[in-house]
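Here's the structure we're looking at; comments come further down.
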Amino acid sequence: MKTFSKDPSEKNYNYSPCPVCGSSKRKLKWDLDSYAFYKCLDCSLLYQYPRPDQEELTARYDNEYFDYEIENEEKFLSLMKKSLEDIGLRDRVKGLRSVSPTFLDVGCATGVLLENMQNEGWNVKGVEVCAESADYGRSKRGIDIINSPFEKASFASESFSVIHSSHFVEHIIDPVLFFNEAYRVLRPGGFLVTTTPNAAGFQPLVYGSRWRSAIADHMNLFSLKGLKTIIKDSGFTLITWKTWGGIPAGEAPLFIKSPVDRLCKALGIGDVMVVLAQKPPV
Ligand SMILES: [Zn+2]
């Protein structure tokens, strides 16, 4: 049995089956210092096993995490805006927006994207498990952010036209619950944007366990195919998807990095992926 340097008693860890398909058939993929990723032999999800429980996980999103979010928020905002452009969200949501300009960001951190969307005329709300980040977004930006796990935020059914989540689904214990809850609170015809690392991309293939997304805070690492399946199985219609990122910044000169990045994008094996899905209109 694995031992954990962070928590030798393992009292805050669960030996639960694949969080997507429930299978207990798994194979060790990457054995890291104090945690490990296994591959589900039935649905191919890479998941951390054993997994910290919610209490242990929530405790990780503390002051240190808040500092990290603040330091990087301009960079994160620019990446999120780029991905929304990439999937053409603005044009696709035009009709629905004129009826109900409601935008929810799940895992919204300090509310940097929400502030941007609010400036564009959206009525915005956020959910964030890190108390410091939620406080900052509320007090400095005046954004309505609920400090809670998404499924405990008790939003009314069919209350949003767009739900956005960037680098969120890889951090949570139960991704299926997330997609079901997103479906419930979206208006018919509403859009779901999901951005997360691509476990079937170029980088994990090359770097293996040294891949920058094989970190202790990531519970689930999806392939593009696997993510599309979960989203479809939750009732959504897939609209479009993109991947981006080939060679990590600083690891190769630009004349090599740029064409590799373009090729990864063209082949759908970029390091990060975004999937746009729609709840069927009634
Ligand atoms: Zn599975």
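First listed ligand is number 1; within each ligand, the first listed atom is number 1.
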### Task
Side-chain contact test, heavy atoms from C-beta onward, threshold under 4.5 Å: evaluate it for Asn116 versus Met80 and give yes or no.
no
### Total protein N, O or S atoms, the Zn ion (ligand 1), separation less than 2.8 Å
4
### Task
Give me the other members of the hydrophobic cluster that Tyr136 sits in, counting Ile, Leu, Val, Met, Phe, Trp and Tyr linked by side-chain heavy atoms under 4.5 Å, directly or via other members.
Phe66, Ile70
### Query
Transitive ILVMFWY cluster of Val99 at side-chain heavy atoms under 4.5 Å: who else is in it?
none
### Task
Please examine the side chains of Phe178 and Ser234, heavy atoms only from C-beta on, and report whether any two atoms are closer than 4.5 Å.
no
### Query
Judged by modelled atom types alone, do Arg26 and Tyr47 share a side-chain donor-acceptor pair under 3.5 Å?
yes
#### Entry: Pairs where residues 173-184 contributes a residue and the test salt bridge (charged side-chain N to carboxylate O under 4.0 Å, His left out) is met, not counting sequence neighbours
Glu181-Arg184
